[in-house]
Amino acid sequence: MSAFYITTAIAYPNGTPHIGHAYEYIAADAFARFKRLDGYDVRFLTGTDEHGLKMQQTAQKEGITPRELADRNAAGFKRLQDALGSSYDRFIRTTDADHYEASQELWRRMADAGDIYLGSYSGWYSVRDEAYFAEDETEVDAEGVRRAVSTGAEVTWTEEESYFFRLSAYQDRLLKLYEEHPGFIGPDVRRNEIASFVAQGLKDLSISRATFDWGVPVPGDERHVMYVWVDALTNYLTGIGFPHDEASVAKYWPADVHIIGKDIARFHAVYWPAFLMSAGLDVPTRVHAHGFLFNKGAKMSKSVGNVVDPFELVDEYGLDTLRFFLLREISYGQDGSYSHEAIVTRRNADLANEYGNLAQRSLSMVAKNLGGIVPEPGAYTAEDEELLALADGLVDRMRPEMDRQNVHLALEAAWQVLSRTNRYFSAQEPWVLRKTDPARMGTVLYVTLEVLRIVTLLVQPVIPGSAAAILDQLGVPGDGRDFSALPERLAAGTRLPAPAPVFPKYEA
RNA sequence: CCCCCUGUAGCUCAACCGGUCAGAGCAGAGGACUCAUAAUCCUUUGGUUGCGGGUUCAAGUCCCGCCGGGGGGACCA
């Protein structure tokens, strides 16, 4: 069985999760589920990135330890994943003991490769802002004190020791990577952006800090902790047992896709492959950056008060409606907008009317006219064959779209089949056949249910709960629900439970 | 200041190397049907393809300028 390794970015838990996190988790979960149903041995990793100065500061403000803050907030992110029905295999925390080991091992390998050296970092430092300022961002006031222009805080010339990663040495290899593997970064806009950034030249990267201690200690120099991204990115290796579990690493590495937000594309498409090359590890197959979500087109911000709590959205619309809306409405890679109206429209038009009602109108005819037994189909007409062929071909249309994270296109293809099926049903008029040709009615109903079975199997990754309910109503056994069952046909003679609407219309 | 992307019906998007009346879904309008969650089916309204020039037999599709949106760089972390 081939392996498939997918990850989300790990969230920085110095606050509570918002809809953007939910968006990423839902999408990653759908991809993971799709691959699992398609016969892959999937490993799906997500978690939290808990180190760094901000965590330490936030904790200090609240009078608790960074660890306590991390424990509290990481729990919130994990709760979100669970509320979203996410099928992650591990929720990793960068404070996990095995992550320290993995990070230090990666560091050692980069050091052994000669890519890490001790240097120094200097500039006008403001203790109050805990930040460096450039010369022209400071000015000397009337009393002869140099201050930062933007904050007015006093600054002093400071030199700080720091370890550096020889990123500058990787420019050519990175450019070659982008050129030879155009699929390494998606969508295409990101690749162009990243490639032009790298082409401009790369500076060595500061990768340690001695001014705070909330982080992974640098091996061999306990005065330093690793700075942000070395530690954070390594989680993808920790999550598969690096470095000790060699079998697991061999199986799952390189990762098939890292799902991230566009704001951190550079770290994943430049720093991360460079680190891996340095350490002698393969680079991931693909990094896919999604866009941001806007509330009715407006950026979310606390001051505007339009920040939406993802838990509330789940409560309001239902989990599958939210999942479906986000994945069907927005092109996964571009920014997207959501609104109450848009969510309700998707819910009612796509789920309740086109899909749910199709199941209901066909199933209820089977219940009322055939005693709830799946009929034996007679000879197929050209219309029957055509529709079945369309449904049989759906998986081949969805696979490549899902592989490029084009969920919205995969779903569009599925809904095209549903639309065709509604037209077929209306054209065949089984309610007329009931009186004129009952056998033919049975065939029409059989074909309809069979197409519903195929489509429902394929949309399980997006709306797992609802799909399960529909498969129950179609009498599809639990062991007949992965994609290997697609070519099988619905078993005639199966007794079906009483049908009930799975997607009630949203009224409000 | 520089670079890249983008601007197509009310909304969300399509249109391969420039070439039949610029397409689809949703929303809207009219009709049909009654199996179904007033659902579904059929028909249909609606676009000077941001604006202004230019190249070409022919331009959403190429070039220049302007306006609007997004992203990146530079400067800052």
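A note on names: the letters A, B, ... follow the listed sequences, proteins ahead of strands, and every chain is numbered from 1.
Taking the six-membered ring where the residue is Trp, the centroids of A:Trp229 and A:Tyr271 are separated by 6.0 Å or more. Remark: aromatic rings of A:Phe325 and A:Tyr338 are distant, center separation not under 6.0 Å.
If you find the closest nucleotide of RNA chain B to A:Ser426 and to A:Leu351, the one lying nearer the 5' end belongs to A:Leu351. For A:Thr345 and A:Arg190, each mapped to the nucleotide of RNA chain B holding its nearest heavy atom, the one lying further toward the 5' end belongs to A:Thr345.
Of the candidate nucleotides B:U37, B:G71, B:C41, B:U37 has the atom lying nearest to any side-chain atom of A:Ala352. Across B:A39, B:C35, B:C41, the shortest atom-to-atom separation from the side chain of A:Met365 is found for B:C35. Considering only the side chain of A:Gln334, B:C13 comes nearest among B:C13, B:G70, B:C41. Side chain of A:Ser364, nearest nucleotide from B:U40, B:U37, B:A36: B:A36. Here B:C41 is the nucleotide among B:C41, B:C13, B:C35 with the atom lying nearest to any side-chain atom of A:Glu354. Looking at the side chain of A:Asn357, the nearest of the listed nucleotides B:A39, B:C35, B:U40 is B:A39.
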| field | Nucleotide-level pairing of RNA chain B, given in dot-bracket where Watson-Crick and G-U pairs need both distances under 3.5 Å and | marks other strands | value | (((((((..((((.....[...)))).(((((.......))))).....(((((..]....))))))))))))....

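A distance of about 28 Å separates the C1' atoms of B:U55 and B:G69, rounded to the whole Å. Spacing of C1' atoms, B:A29 relative to B:G46, comes out at 11 Å, to the nearest Å. For the C1' atoms, the distance from B:U49 to B:U61 is 10 Å, rounded to whole Å.
The glycosidic torsion of B:G54 lies more than 90° away from 0, which places this base in the anti conformation.
A side-chain donor-acceptor contact under 3.5 Å links A:His290 to the backbone of A:Ile260. Proximity of a side-chain donor or acceptor of A:Tyr178 to a complementary backbone N or O of A:Ala269 within less than 3.5 Å is detected.
Just one of A:Glu329, A:Glu354, A:Glu341 meets the salt bridge (Lys or Arg N to Asp or Glu O under 4.0 Å) condition when paired with A:Arg346; it is A:Glu329.
The side-chain contact (heavy atoms from CB on, under 4.5 Å) test applied to A:Ala210 returns A:His224, not counting sequence neighbours.
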Extract from the structure each pairing of a protein N or O with an N or O of nucleotides 6-11 of chain B at less than 3.5 Å, listing the distance.
none

